[in-house]
Amino acid sequence: FQNILEKFNPSARQLIAAGKAYLKALHASAAASNTFNESLLKMSLNAQQCGNGTSASDIGVSIANVASVYKEIHDHHTNIVS
């Protein structure tokens, strides 16, 4: 019994440390994803305001669509992880 505990405890500590590092990386990834999505939305708004009926405004609308889909995917991923 004592031999099992001696071998189990270091592994358990290692598993807990790895889990904490993984959770920290997930939080950092979520923050980077939010920043990226906000940048996409700002870029799409700038392109849409560039001019009515121009190709830049069409590109802005397309980027906004991509950003909204990306946000939905990110929200779904966040719900799964949480």
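Numbers here simply count residues along the sequence, with the first being 1.
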Self-check item: Atom of Gln48, atom of Ala64 and distance for their closest heavy-atom approach
Solution: NE2-CB, 3.7 Å

Quiz item: Ignoring hydrogens and geometry, is there a side-chain-to-backbone donor-acceptor pair from Ser33 to Ser29 under 3.5 Å?
Solution: no

Quiz item: Given Met43, which of Asn46, Leu41, Leu40 fulfils the side chain to side chain contact (heavy atoms under 4.5 Å, CB included) condition?
Solution: Leu40

Quiz prompt | Qualifying residue, where the test is side chain to side chain contact (heavy atoms under 4.5 Å, CB included) with Arg13 and the options are Leu15, Ile16, Asn9 | solution = Asn9

Quiz item: Atom NE2 of His74 and atom NZ of Lys71: how far apart are they, to the nearest 0.5 Å?
Solution: 6.5 Å

Exercise. Mind checking the CG-OG spacing from Asn37 to Ser68? Nearest 0.5 Å is all I need.
Key: 8.5 Å

Practice problem: Not counting sequence neighbours, which residues clear salt bridge (charged side-chain N to carboxylate O under 4.0 Å, His left out) with Asp58? List them please. | Solution: none

Quiz item: If you group Ile, Leu, Val, Met, Phe, Trp and Tyr by side-chain heavy-atom gaps below 4.5 Å, do Ile63 and Phe36 land in one group?
Solution: yes

